[in-house]
Amino acid sequence: MKRKAVLIVNPSSGKEQARAYTEEAVKELQKVYEEVKVKETKGPGDATDFAKEASEEEVSLVVSMGGDGTVHEVVNGLSENEVRPALGIIPLGTVNDLARALGIPLQPEEAIEVLTKGKMWPIDIAKAGDRYFTSGFAREVSRKASIR
C-alpha cells in the first residue's frame with residue numbers, strides 16, 4: 001500500500017506566512033511518503049472536509065498547518081472515522097495550545113523537521129454538542145497535577 005500524506009494549509013495563519021512554509025513541508029514529507037497532497041483552505045469548514053476526505057482515503061498522515069482553529073477543524077474531520085491517520089501539526093497561530101502541550105516546536109521550521117522524525121502517541125479528544133475538541137491546557141494540567 002502506498003504511503004500518503006495530506007497537508008492542510010490555512011493560508012491566512014502565521015501572518016499569512018503559511019504558503020512560505022508549504023514547499024519546505026512538502027519536501028520533508030516526500031522523504032517518507034510516496035504521495036503528498038496539499039489542500040489549502042478558503043473558508044470555515046474546509047479543513048474539516050479535507051481531513052474527512054483524507055481519512056476516507058486511508059492516508060497515513062494528515063498535517064494541520066495553521067492555528068488552533070485549523071487544528072480543531074482537522075480533529076473534527078478525523079474523529080468520526082473508523083480509520084484515523086496520524087495527525088501532524090505545524091503551528092502558525094497565536095497560542096498553539098495543543099502543539100505547545102504536546103511539545104511540538106513552535107517555530108515552523110523546527111516543527112517541519114520533526115514531522116518525519118518525531119514520536120507518535122495517542123491524544124484524547126472530547127465531544128461537546130456536535131463538535132469534537134482537544135485541549136492542550138487540560139493535558140498540561142493533568143501532567144503537572146499531583147495527587148495528595
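These numbers come from the heavy atoms of this one structure, side chains and all, not from hydrogens, waters or symmetry mates.
- Side chain of S79 to backbone of V75: a donor-acceptor contact under 3.5 angstrom is found.
- Checked against I90 for a side chain to side chain contact (heavy atoms under 4.5 Å, CB included), the options I104, V9, V63, V114 give a single hit: V63.
- Counted within 6.0 Å of NZ on K27, heavy atoms from surrounding residues, nucleotides or ligands total 12 or fewer; the atom is thus considered open.
- For V74 against A51, the heavy-atom pair with the smallest separation is O-CB, 3.5 Å.
- Closest heavy-atom contact between G66 and N96: O-OD1, 4.1 Å.
- When atom types are taken as modelled, the side chain of R84 and the backbone of N81 share a donor-acceptor pair closer than 3.5 angstrom.
- In this structure, the separation between CG on L115 and CD on E110 is 12.5 Å, given to the nearest 0.5 Å.
- Taking OG1 of T48 as the start and CD of E73 as the end, the distance is 4.0 Å to the nearest 0.5 Å.
- Cluster annotation: L29 and V38 are assigned to the same hydrophobic cluster (Ile/Leu/Val/Met/Phe/Trp/Tyr, side-chain heavy-atom contacts under 4.5 Å, transitive).
- When side chains are defined from C-beta on, K4 does not count as touching K37, because their heavy atoms never get closer than 4.5 Å.
- Atom CD of residue Q17 and atom CZ of residue R19 lie 11.0 Å apart, to the nearest 0.5 angstrom.
- The hydrophobic clustering, which links ILVMFWY residues whose side-chain heavy atoms are closer than 4.5 Å, places V36 and Y21 together.
- Checked against side chain to side chain donor-acceptor pair (under 3.5 Å), T116 has the following partners two or more places apart in sequence or in another chain: E28.
- The environment of NZ in K117 is crowded: more than 12 heavy-atom neighbours from other residues, nucleotides or ligands sit within 6.0 Å.
- Here the closest heavy-atom approach between residue A18 and residue M65 is recorded as O-SD, 3.5 Å.
- Taking hydrophobic clusters as Ile, Leu, Val, Met, Phe, Trp and Tyr residues chained together by side-chain heavy-atom distances below 4.5 Å, V59 shares a cluster with L87.
- Nearest heavy atom pair, residue E40 against residue F50, reads O-CE1, 3.6 Å.
- Residues V95 and L102 are members of separate hydrophobic clusters, defined by side-chain heavy-atom contacts under 4.5 angstrom among Ile, Leu, Val, Met, Phe, Trp and Tyr.
- Between P91 and P108, the shortest heavy-atom distance links the atoms O-CG, 4.0 Å.
- The side-chain contact (heavy atoms from CB on, under 4.5 Å) check on S13 picks up N10, T70, L92, with sequence neighbours excluded.
- Side-chain atoms of E113 and E109, non-hydrogen and from C-beta on, never get closer than 4.5 Å to each other.
- For the atom pair CD1 of I125 and CG of L98, the computed distance is 11.5 Å after rounding to the nearest 0.5 Å.
- Between the side chain of R131 and the backbone N or O of N76, no donor-acceptor pair lies under 3.5 Å.
- V71 and L61 fall into different hydrophobic clusters, where Ile, Leu, Val, Met, Phe, Trp and Tyr residues are linked whenever their side-chain heavy atoms come under 4.5 Å apart, directly or through other members.
- Going from atom CZ of R3 over to atom CD of E35 covers 13.0 Å, rounded to the nearest 0.5 Å.
- Not a single donor-acceptor pair under 3.5 Å links the side chain of S64 to the backbone N or O of I89.
- In terms of modelled atom types and a separation under 3.5 Å, the side chain of D46 and the main chain of G43 share a donor-acceptor contact.
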